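Single-structure report; data block below.
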Amino acid sequence: MKFKPEMDSIRTHTVPQWYDDCKLGIFIHWGLYSVPAWAYPSGKLGTIPFDERWFAYNPYAEWYCNSVRAGFGPTYEHHVKTYGADFDYESFTDLWKAERWDPAQWAELFKKSGARYVIPTTKHHDGFCLWNTKYTDYNSYQKGPGRDLMKELCDAVRSEGMRFGVYYSGMLNWHVTHNAMMSDYEVHHPNNITNGYADFAYNQMMELVDTFEPSVLWNDLDWPLKGLDDLPYLFAHYYNTVPEGVVNDRWHDVWFDYKTKEYHRGDKFLEQKWECCQGMGLSFGYNQVETDEHYVSHNELITLLIDTVAYNGNLLINVGPKADGTIPEEQESRLLYLGKWMEVNSPAIYSTKPFSRQKEELETGEVVYYTQNDSSIFLLVTNPKAGNSTLRIPEPAFSCDFRKTLGNFGANVAISEGNLVIDLLDIPADSAPVVLEFTK
Ligand SMILES: CC(=O)NC[C@H]1N[C@@H](C)[C@@H](O)[C@@H](O)[C@@H]1O
C-alpha cells in the first residue's frame with residue numbers, strides 16, 4: 001500500500017492532474033429540505049453577521065431544520081403556518097417521493113454544461129442519508145423515495161464520462177443533536193461530538209469510499225473533534241483505494257489537497273489549488289422563494305468561472321433540485337447557456353494555468369482576464385461592448401502573435417505606442433464574454 005495511516009505519508013499526496021485541468025464541477029444539494037424548499041433570501045454568506053441575524057434568517061434552504069428550531073424568524077413562521085408547530089422535520093420523509101427523478105437526464109444536463117465532475121450531498125447537516133448505508137435506516141432507500149439515490153446518480157454520471165465525488169457533513173448531524181445552533185461557536189462545537197458519533201461519521205465515510213470509490217471526498221464545515229485521530233486512517237485508505245482521489249480542506253486543518261471558498265471570494269490563492277462553491281442564487285438547497293433576480297445572470301455565471309480559473313481555481317457551481325427530482329428552469333437555463341459558451345471557448349478554460357497577469361480593468365470599462373496553456377495565451381473580455389469597440393491594454397503582458405478569435409466575431413490587433421490595441425468587431429448586444437487566442 002502506497003499510503004500509510006500517518007500524516008508524513010499522507011503529506012506526500014499531490015493534487016492529481018485531472019482535478020487541476022477540469023475547472024468546472026456541479027455541486028448538488030438535494031435532501032429532505034428540498035420538500036419544504038423554503039428560506040428567507042436575506043443575503044450572501046459573509047454579508048450578514050454570523051449570529052442569530054444569520055441563523056434565524058438563514059438564506060440556505062438546506063438549513064430549514066435548524067431555522068425552524070430557532071423558534072422565531074421567517075422560516076419558523078412559514079413552517080408553523082404551512083405544516084403546523086407539531087410537524088417535526090423527520091416527517092418530511094413521508095412527503096419526499098422524487099417521483100419525477102431521472103438521473104440520466106441530470107447527467108446529460110451536467111455534461112452539456114461543460115462540467116467534468118459532480119459532487120452530490122450524500123448526507124447534509126440534517127443527517128438524512130441518500131444512499132443505502134448500513135449505519136442508519138434514516139436513509140433514502142429505507143424511507144422516502146425508497147431508492148439508493150447516490151448509486152443511481154453515480155452510475156449515470158460515470159456513464160456520461162464525468163467524475164463522481166461525495167459531499168458529507170462530518171461535524172453536524174441534526175438527527176443526533178436537537179438544539180438550535182444560533183452561533184458560529186455552536187456550529188463548531190455541537191454537543192453530538194461523542195466518541196460514538198465520531199465513529200459513526202468515520203464508518204460512513206469509509207463506507208462511501210468503499211461503495212463509490214469517489215474522485216473527491218468533500219467534507220463540510222469541520223470533522224468531529226473526537227475523531228481527528230481517525231483521519232490518517234481514512235485518508236490512507238482513501239488514497240490507496242482511489243489513487244487519483246482528492247480531498248478538500250474542511251477537516252479541522254488536519255490535511256487538504258485543495259482549499260475551498262464559499263460565495264465570498266476575497267483574495268485568491270493563485271499558488272495553491274482552490275475551488276469556489278456557491279449556489280446560482282443565495283441558497284444551495286432549492287428555495288421556492290427565490291426568483292430569477294436572486295440568481296446570478298447567465299453572463300455573470302460565465303464571468304464567475306473565468307474569474308475563478310484565471311486565479312488557479314475550479315468553480316463548483318451548485319444545483320438545487322426540487323423534491324420531485326426536476327431541476328428548476330432558472331438553473332437548467334444557466335447550465336445550458338454556460339455549456340453553449342464552453343463549446344466554443346473551453347480551450348481558454350480546460351487544462352489552462354494562470355498567466356503572469358490574471359485580470360485588469362480597462363479605462364473604457366471592460367474587464368479582461370488571462371489564461372494560458374503550453375502553446376497559447378488567451379485574453380477573455382467579460383463585458384464587451386455591443387457592435388464595434390476598441391480595447392487599449394497598456395504595457396501588455398505579452399507581445400506574441402494574435403492567432404484568432406474563439407467564436408464568430410471579428411478582431412484586429414496591433415501594438416501602438418506601447419499599448420496592445422484590439423478592435424472588437426460585430427459583438428452582439430448583451431454578449432457573453434469573448435475570447436482571443438494568441439500564439440506563444
Ligand atoms: C464554510 C462552511 O463550512 N460552510 C458550510 C456550508 N457549506 C455549504 C456548501 C452548504 O452545504 C451549507 O449548507 C453548509 O452549512
Side-chain angles (χ1 to χ4, degrees), residues 29 31-33 38-77 79 88-90 121 123-128 167-202 204-205 217-231 234 247-256 259-267 274-279 282-285 287 318:
H29 279 64
L32 288 186
Y33 43 81
W38 204 98
Y40 183 77
S42 51
K44 276 188 182 181
L45 182 74
T47 60
I48 297 173
F50 222 38
D51 54 29
E52 63 183 30
R53 286 167 288 181
W54 168 264
F55 289 100
Y57 297 82
N58 200 325
Y60 284 175
E62 69 278 10
W63 272 70
Y64 187 89
C65 174
N66 193 69
S67 302
V68 171
R69 283 179 176 173
F72 70 96
T75 305
Y76 171 73
E77 288 165 19
H79 183 78
D88 66 23
Y89 183 80
E90 279 74 3
T121 49
K123 177 191 79 72
H124 201 260
H125 307 336
D126 61 359
F128 190 70
Y167 165 111
Y168 183 84
S169 169
M171 174 66 97
L172 297 186
N173 191 321
W174 298 327
H175 191 53
V176 175
T177 53
H178 301 291
N179 59 305
M181 295 179 173
M182 302 301 283
S183 70
D184 191 44
Y185 180 84
E186 285 178 298
V187 163
H188 285 273
H189 300 80
N191 54 26
N192 68 340
I193 336 178
T194 60
N195 288 315
Y197 176 73
D199 292 345
F200 171 84
Y202 174 79
Q204 284 208 311
M205 265 291 188
L217 272 193
W218 211 100
N219 183 59
D220 202 3
L221 210 136
D222 207 340
W223 189 253
L225 304 187
K226 286 189 165 61
L228 299 180
D229 293 344
D230 300 335
L231 290 179
L234 172 63
V247 305
N248 72 340
D249 65 342
R250 299 187 182 182
W251 307 82
H252 205 74
D253 294 333
V254 170
W255 168 246
F256 66 87
K259 302 289 286 179
T260 58
K261 281 180 177 290
E262 185 168 323
Y263 278 97
H264 63 84
R265 304 159 62 70
D267 55 351
W274 61 284
E275 177 188 78
C276 170
C277 68
Q278 70 164 73
L282 303 175
S283 175
F284 287 93
N287 180 5
N318 183 77

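Owing to the predicted nature of the structure, the values given are computational and were not obtained by experimental measurement. In this chain, residues are counted from 1 in sequence order.
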Would you check if Trp255 and Leu231 make a side-chain contact, meaning some heavy-atom pair closer than 4.5 Å? no
Distance-minimising heavy-atom pair for Val187 and Met171: O-CG, 3.8 Å
Working to the nearest 0.5 Å, report the span between CZ of Arg69 and CE of Met182. 12.5 Å
So does Asp229 have more than 12 non-hydrogen atoms from other groups sitting under 6.0 Å from CG? no
Other residues, nucleotides, ligands: >12 heavy atoms within 6.0 Å of Tyr76 OH: no
Got a second to check how far His124's NE2 is from Tyr33's OH, nearest 0.5 Å? 5.5 Å
Consider ring pair (Phe, Tyr, Trp, His ring centres under 6.0 Å). Of Phe55, Trp54, Trp38, which one does Tyr60 pass it with? Trp54
Check whether any side-chain heavy atom of Asn173 sits under 4.5 Å from a side-chain heavy atom of Phe200, and report yes or no. yes
Here the gap from His125 atom NE2 to Asn66 atom CG, rounded to the nearest 0.5 Å, amounts to 9.0 Å
Over all heavy atoms of both residues, which pair between Pro74 and Ala56 is shortest? Give the atoms and the distance, please. CD-O, 3.6 Å
Measure across Trp251 and Leu217 and return the closest heavy-atom pair with its distance rounded to 0.1 Å. CZ2-O, 3.9 Å
Distance alone, cut at 3.5 Å: any donor-acceptor contact between the side chains of Asp220 and Ser169? no
Less than 4.5 Å apart, side chain to side chain, heavy atoms only: is that true for Phe284 and Cys277? yes
Student check: side-chain heavy atoms of Leu221 and Leu172 closer than 4.5 Å: yes
Can you tell me how the ring of Tyr185 sits relative to the ring of His189, calling it parallel under 30°, perpendicular over 60° and tilted otherwise? parallel
Identified ring pair (Phe, Tyr, Trp, His ring centres under 6.0 Å) counterpart of Trp174 within the set Trp63, Phe128, Tyr64: Trp63
All heavy atoms of Pro224 vs all of Ala201, minimum pair found to be CG-CB, 4.2 Å
Count the heavy atoms belonging to other residues, nucleotides or ligands that lie under 6.0 Å from CD of Glu52, then report whether that count exceeds 12. no
Asn58 versus Ser67, closest heavy-atom pair with distance: CB-OG, 3.6 Å
My understanding is that only residues two or more places apart in sequence, or in another chain, count here; which of them pass side-chain hydrogen bond (donor to acceptor under 3.5 Å, both in side chains) with Trp274? none
What is the distance from atom CZ of Phe72 to atom CD of Glu77, rounded to the nearest 0.5 Å? 10.0 Å
Please verify the inter-ring angle class for Tyr57 with Tyr40; under 30° counts as parallel, over 60° as perpendicular, anything in between as tilted. perpendicular
Any Met205 side-chain heavy atom under 4.5 Å of Asp230 side chain: no
Do Gln278 and Lys261 have side-chain heavy atoms sitting under 4.5 Å apart? no
What's the spacing between Leu32 CG and Glu90 CD if we round to 0.5 Å? 8.0 Å
Are Tyr89 and His175 an aromatic pair by the rule of ring centers under 6.0 Å? no
How long is the span from the NE2 atom in His178 to the SG atom in Cys65, to the nearest 0.5 Å? 9.5 Å
Quick one: are Tyr197 and Thr177 in side-chain contact, heavy atoms under 4.5 Å? no
Between Ser283 and Ala61 the two heavy atoms that sit nearest each other are OG-N, 2.9 Å
Main-chain N/O of Thr260 paired to Asp249 side chain as donor or acceptor, under 3.5 Å: yes
State, with a plain yes or no, whether a side-chain heavy atom of Leu282 is found less than 4.5 Å away from one of Lys44. yes
